[in-house]
Amino acid sequence: MTATAPTTPTNKAAQANLPADLSASVAVFLIALPLSLGIALATGAPLQAGLVAAAVGGIVAGRLGGAPLQVSGPAAGLTVVTAELIQHYGWRTTCAITVLAGLCQLGLAFLRTARSALMVSPAIVHGMLAGIGVTIALAQLHIVLGGTPQSSAVSNVLGLPGQLADLHPAALGVSILTLIVLLSWPRLPGRTGRALRKVPAALAAVATATALASLAGLTLPRVDLPSWRSHALPELPQGPLLGLMAAVLTITLVGSVESLLSAVATDKLIGSERSTADRPPRADLNRELRGQGAANIVSGALGGLPITGVAVRSVANVKAGATSRRSSMLHGFWVLLAAALLVPVLDLIPLAALAALVMAVGVQMVSITHLRSVTRHGEALVYGTTIVGVVLGGVLEGVAIGIAVAVALALHRLARTRITLERQDSGVHQVWARGQLTFLAVPRLSRVLNQIPHGAHVVVELDGSFMDHAAYETLHDWQDSHRAHGGSVEVTGRSGSRASEADLDRRDGQRGTHQCCRPWTPWQNHCDHQPARSRTAAAAASASPSPAPSSASPGARTAESAAPAPRRRGAGQLANGIGTFQRDTAPHVRDELARLAREGQRPSQLFLTCADSRLVTSMITASGPGDLFTVRNVGNLVPLPGAESTDDSVAAAIEYAVDVLQVDSITVCGHSGCGAMQALLNSAPGVPMTPLRRWLRHGLPSLERMASRHHAWARISGRLPADAVEQLCLTNVVQQLEHLRAHESVARRLAEGTLELHGMYFHVGEAQAYLLSEGEDFFDCRVFDSVGQNA
């Protein structure tokens with residue numbers, strides 16, 4: 001008798017997820033195929049080299065890497081480096097350099113240095129990618145115009161006038177068509193558009209241009225994949241030793257940093273897209289570096305391009321529903337099949353179409369989001385000099401210049417600290433500390449503080465974002481000494497709000513909670529940050545016996561517990577909050593509010609959500625005054641026109657927002673743990689009507705919709721709702737969107753195409769917002785995408 005091995009839960013899960021991985025692998029393959037050919041064209045390598053790198057990146061890096069859902073292959077980030085190596089050393093030596101770079105990556109992984117690569121300033125990394133993007137775009141522009149790119153970015157710029165004077169209309173027309181399809185494909189409207197958008201834009205653009213060129217009989221340079229029998233393999237490196245070492249170092253560093261940053265970005269995307277139960281393990285960066293090293297060794301040995309982790313393909317893999325590393329491996333297998341079986345089809349592709357595709361990728365690498373980010377953090381100079389260095393000198397030179405500028409800027413900021421003392425007419429001594437308070441500023445800080453006479457009232461204003469331990473100890477010791485001699489000290493933060501030392505200690509205890517998001521009573525049952533009198537009273541209250549709460553009113557407080565704090569929890573809290581606003585926030589928003597008062601409100605959004613106190617609309621949408629026209633009610637309900645109701649406030653707000661304010665979109669936002677939805681589920685017939693029960697009747701269609709067998713259950717990033725309450729919360733959002741469409745003003749604007757409707761769900765416990773994807777009824781909930789896409 002033969003014993004059969006039992007099927008474990010892990011094997012069952014793997015078998016169940018195989019269709020999802022298979023589907024995702026096809027989607028990634030369709031993106032990778034044209035991009036791999038285009039990147040090979042941009043480097044000047046044999047076009048098969050791009051296919052070899054894509055297949056090896058998928059199979060080898062996918063199997064051995066530490067980021068399960070990351071997709072590896074030839075990347076635009078190494079295009080400029082590889083093109084320079086091919087020019088200087090030839091293709092076969094470049095393959096050998098790729099093998100040596102892979103060995104170096106294995107060594108770095110063995111030394112467990114992967115995390116250190118993330119210490120590089122994001123401004124330098126983004127500047128490097130942007131500089132590479134500019135160089136790629138300038139080179140491919142010549143092929144788009146029907147010519148041949150020059151050896152450097154400067155030469156390409158200088159050669160543009162001559163190239164423009166000698167245009168090739170056929171090549172330019174094919175390139176323009178490719179760009180039009182590429183840019184417009186994600187915006188195709190309607191149901192047909194939604195179906196077509198399942199085909200990747202890159203594939204659609206290249207396929208359309210190829211079909212037109214073939215049908216029109218255009219004479220154009222096309223892809224020419226020679227026989228695999230003549231495929232070039234690596235040879236022993238030939239050239240100056242220092243130059244070869246610099247080449248290996250450049251491929252190693254650029255490829256490693258790009259791969260590790262892509263792995264981290266993929267992890268963030270997975271964390272925001274999927275529930276904890278559906279997430280694969282977090283990326284093991286040292287293992288990922290080993291996988292990249294092994295892939296580069298194999299790719300170089302087989303005559304392929306250098307390999308890195310690629311953000312665009314990784315994002316597509318996650319969004320296509322991949323669950324394991326099988327998706328990346330299968331995508332590599334599909335590339336291998338295409339390289340063997342689809343050569344006659346690939347040979348039809350015009351080089352101008354591939355050049356247009358890669359040029360668009362290069363332009364997208366200059367990210368406006370990254371530019372805003374580095375500008376906001378005061379690193380625009382680092383970003384700009386890195387771009388210029390990469391464009392004019394090369395990748396390694398540009399990164400070195402960026403690091404030098406970043407270090408110089410940091411030292412300049414550390415040395416810029418200004419500390420002054422000023423005596424006010426009122427007798428108050430004002431100490432101003434502008435800049436970073438580090439050990440370098442301690443002598444000046446001590447000298448100024450020692451000039452203050454004993455017994456004086458002192459206000460210290462810290463106008464900086466950092467204080468190291470040495471500066472903190474100096475200021476803390478002086479405070480103790482000054483108070484011991486009868487003086488008083490107030491410390492003013494960057495925002496201008498005064499805080500005593502006790503307040504600062506209390507804030508240290510609350511570290512990790514953003515000031516603008518802190519409630520009036522921050523975790524009073526979980527942390528000991530109350531004033532001494534409150535702690536003493538609380539201790540006394542806990543030591544004395546107290547009666548058990550009444551079962552008739554489980555949410556009510558006893559008279560004894562409620563008596564001491566009516567002022568604190570009522571008007572006192574409100575007054576304190578208003579006072580804090582007037583002191584801290586009003587100075588910053590006064591100009592904007594004055595402008596809005598003059599010009600009137602022009603919000604672009606009507607935001608209809610629940611009255612739940614945990615839903616802070618300005619916080620979860622990062623909006624400010626004048627952005628949202630907000631309507632809140634119990635259960636985020638939209639009564640149908642003509643429905644039996646004594647409340648027309650929602651209909652009036654909709655009419656005013658749509659017809660008067662001319663908003664561009666309406667969002668209905670539900671949330672987890674909604675009490676109104678819980679009440680709907682628990683409703684029983686025959687109970688006397690109250691105002692709340694009358695209002696909740698507008699939610700009965702949602703309850704009926706959920707119970708109907710004609711509608712599928714909604715999913716949240718691939719998972720089913722946790723319970724019936726969450727299902728009803730989601731169903732209610734969809735139902736209220738239908739109620740909105742029944743309002744005359746909304747229906748008219750929708751027909752005109754000037755208004756959009758959106759559904760949104762906020763999970764309070766996860767602090768995560770979800771956006772309902774387009775569709776007719778129930779949709780998969782898609783989380784807002786916060787990960788930038790770099791090729």
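Side chains included, hydrogens not; waters and symmetry mates left out as well; all remaining heavy atoms used.
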Which is it for Ser72 and Gln292 under the side chain to side chain donor-acceptor pair (under 3.5 Å) test, yes or no, and what are the steps along the way? CA-CA 8 Å; Ser72 300; Gln292 295 295 330; 2.8 Å; yes
Which residue, Leu172, Leu179, Val174, Thr178, forms the side-chain contact (heavy atoms from CB on, under 4.5 Å) with Ile176?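 Single pass found, and it is Leu172.
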Verify side-chain contact (heavy atoms from CB on, under 4.5 Å) between Val134 and Leu138, making sure each step is shown before the conclusion. CA-CA 6 Å; Val134 170; Leu138 289 173; 4.0 Å; yes
What I want to check is whether the side chains of [X] and [Y] have a donor and an acceptor closer together than 3.5 Å.
| X | Y | result |
| --- | --- | --- |
| Asn296 | Gln105 | yes |
| Glu288 | Ser259 | no |
| Ser604 | Asp664 | no |

Non-hydrogen atoms of [X] and [Y] that approach each other most closely:
| X | Y | answer |
| --- | --- | --- |
| Ala339 | Leu51 | CB-CD1, 3.9 Å |
| Arg325 | Arg63 | NH1-O, 3.5 Å |
| Ala67 | Ala263 | CB-CB, 4.0 Å |
| Asp21 | Ser324 | OD2-OG, 2.8 Å |
| Ala123 | Tyr383 | O-CD1, 3.7 Å |
| Gln163 | Gly146 | NE2-C, 4.0 Å |

Between Leu164 and Leu145, does the side-chain contact (heavy atoms from CB on, under 4.5 Å) criterion hold? Intermediate values first, please. CA-CA 7 Å; Leu164 290 170; Leu145 298 174; 3.8 Å; yes
Side chains of [X] and [Y], heavy atoms from C-beta outward: is any pair under 4.5 Å?
| X | Y | answer |
| --- | --- | --- |
| His142 | Thr148 | no |
| Val399 | Ile124 | yes |
| Pro350 | Arg222 | yes |
| Gln605 | Ile666 | no |
| Leu141 | Leu160 | yes |
| Leu33 | Leu346 | yes |
| Leu85 | Ile251 | yes |
| Leu37 | Ile349 | yes |

Does [Y] offer a backbone N or O that forms a donor-acceptor pair with the side chain of [X] under 3.5 Å?
| X | Y | answer |
| --- | --- | --- |
| Thr98 | Thr94 | yes |
| Thr43 | Ala40 | yes |
| Arg313 | Ile31 | no |
| Ser299 | Ala295 | no |
| Arg197 | Thr192 | no |
| Ser214 | Ala211 | no |
| Trp91 | Gly44 | no |
| His88 | Glu84 | yes |
| Trp185 | Leu196 | yes |
| Ser175 | Ala352 | yes |

Rounded to the nearest 0.5 Å, how far apart are [atom1] of [X] and [atom2] of [Y]?
| X | Y | atom1 | atom2 | result |
| --- | --- | --- | --- | --- |
| Ile97 | Arg92 | CD1 | CZ | 13.5 Å |
| Leu336 | Leu341 | CG | CG | 9.0 Å |
| Ser36 | Leu41 | OG | CG | 12.5 Å |
| Gln140 | Asn156 | CD | CG | 9.0 Å |
| Leu35 | Leu357 | CG | CG | 5.0 Å |
| Leu203 | Leu182 | CG | CG | 11.0 Å |

Does His758 NE2 have over 12 foreign heavy atoms under 6.0 Å away?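 For His758, atom NE2 is crowded (more than 12 foreign heavy atoms under 6.0 Å).
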How would you list, by chain and number, every residue that makes a side-chain hydrogen bond (donor to acceptor under 3.5 Å, both in side chains) with Ser262, sequence neighbours excluded?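 Ser262 satisfies side-chain hydrogen bond (donor to acceptor under 3.5 Å, both in side chains) with Gln70 once adjacent residues are dropped.
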Tell me, with the steps shown, if Val199 and Leu30 meet side-chain contact (heavy atoms from CB on, under 4.5 Å). CA-CA 8 Å; Val199 178; Leu30 294 176; 5.5 Å; no
side-chain contact (heavy atoms from CB on, under 4.5 Å) for Val382 and Val374? Distances and angles first, verdict last. CA-CA 9 Å; Val382 177; Val374 298; over 6 Å; no
